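This report concerns only the one structure given below.
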Amino acid sequence: MFTALFNYWVVIVLMMAGLYIVMASGHLVKKIIGLNIFQTSVFILFISMGKVAGGTAPILKDGISVFSNPLPHVLILTAIVVGVATTALGLAIAVRIYEEYGTVEEDDIAEMDNHDQDLDIAEYQRIESGK
Amino acid sequence: MINMVLLMLLLASVYAIIRLDRLLTAVLLTSLFSVLVASIFMVLDAVDVAFTEAAVGAGVSTIFFLAALAIVGRQCKPTPRRKIIAPLIVVSATGCVLLYASLDMPRFGEPLAPVHQHVAPRYLNDSAAEVGPPNIVTSVLASYRGYDTFGEVGVVFTAFIGVLMLLGAGTRRTSIEPPTPTGAPKESMRKKVVLKEVADLVIAPVLIFALYVQWHGDFGPGGGFQAGVIFASGIFLYALIYGIEPAQRLLPPRRLAYFPAIGLLLYAAVGIISMLRGGNFLNYSVLVNDPLHGQHYGILAIELGVGITVAAVMINIFFSFSERSL
């Protein structure tokens, strides 16, 4: 039982660790690291499901008859490359946010936004009362 | 057994990543994390995936993170204690539900698990006669699931367009801050004798290896995705040691920006040609008179398209980031 499900349990712990980083950390780049860990845990889940006991890599060769399942390999292989492309997109957004706000800490950004909004409201009220 | 040890190491590295506020160290640890994951894939028979994870996780994505950190700074604020509790509760509750659900999973390595009953037997038994290449992963990726792979390349291309729109193509010289007067740190890398000598020794073999992986993907582990990222990491190494400008002279970003589209169009063209010859979209069997030869040509062509798109996207994104950090 322990060895039979150990892979899945590690996957769950990793997945939750990734989710925790995304929720708890305020730094946008660290959040993306968390997302990457979450994503990798899904990769391990798929590949673990594809493993066949006593099997080998799915490359045909004389004298070998038991292969692991190639389908999860295909799905995950493409997902990894798509994953790095989307990670780059996320990092690009973080970089643009840094250039606009001078910080990538969630709290500071929210504070600056609220401050701007307060100024806008004050401006609006001033115009309204002036009418 | 090896599998378990590697998984335990994985948990340890993730714990360290959670605790670290120094992001540079955290990013380097994610690189280690990726190497461990690649080893686990190796143990679990997924050689193609291990290949990709090693090149992407330990190489390309680490470089992207480092490039981003060079712009936004390396330090993150420690999480205040009051913000730890709610996520911990959510994560623990979700984790418990998932652990309970995992008890219903088929046992690890079970040959009779549902996942092995559906289409996998056909791939394993018939791919040699229907598609040809000994590497079944390539047969499935390029032929049986050609549509899917086409979509994935499209997603990579779209993500590239997104980065291009956010950061620019790496062609313009206007960044927020002027270049540092003391000389960029990348310049000084060239003076590190050991780094330079090792890089000189390694760069050419890396690029040749990428081509080998590209063309040998039908027979052994490899293919366009892996070749693309390996080629890109060779170029990254060159750019890191010799500076961005020599790398951009070698591969001008303005021209390189066409290549992601060229790769994708090559892939689509193979599909259209097979339609013109009376088959379905991406049915390579009709490309030439002998179906197996048709499959072979089709796979080579679309893998080349994938390789071009992936390599060009990665190098372009790298240039876009590095222009910003200069």
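Computed from a predicted model, the values in this text were never measured in an experiment. Chain letters run A, B, ... following the sequence lines, proteins first, then strands; residues in each count from 1.
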With a 4.5 angstrom heavy-atom cut-off, could you sort out which part of [X] is near chain A: side chain, backbone, both or neither?
X	answer
Val137(B)	both
Pro106(B)	backbone
Val155(B)	side chain
Ile317(B)	side chain
Phe160(B)	neither
Val115(B)	both
Met42(B)	neither
Ser127(B)	side chain
Phe65(B)	both
Val310(B)	side chain
Ala46(B)	both
Leu69(B)	side chain
Val43(B)	backbone
Ser102(B)	both

Worksheet, complete the sentence: By residue number, those in residues 44-54 of chain A with heavy atoms under 4.5 Å from heavy atoms of chain B are Ile44(A), Leu45(A), Ile47(A), Ser48(A), Met49(A), Gly50(A), Lys51(A), Val52(A), Ala53(A)
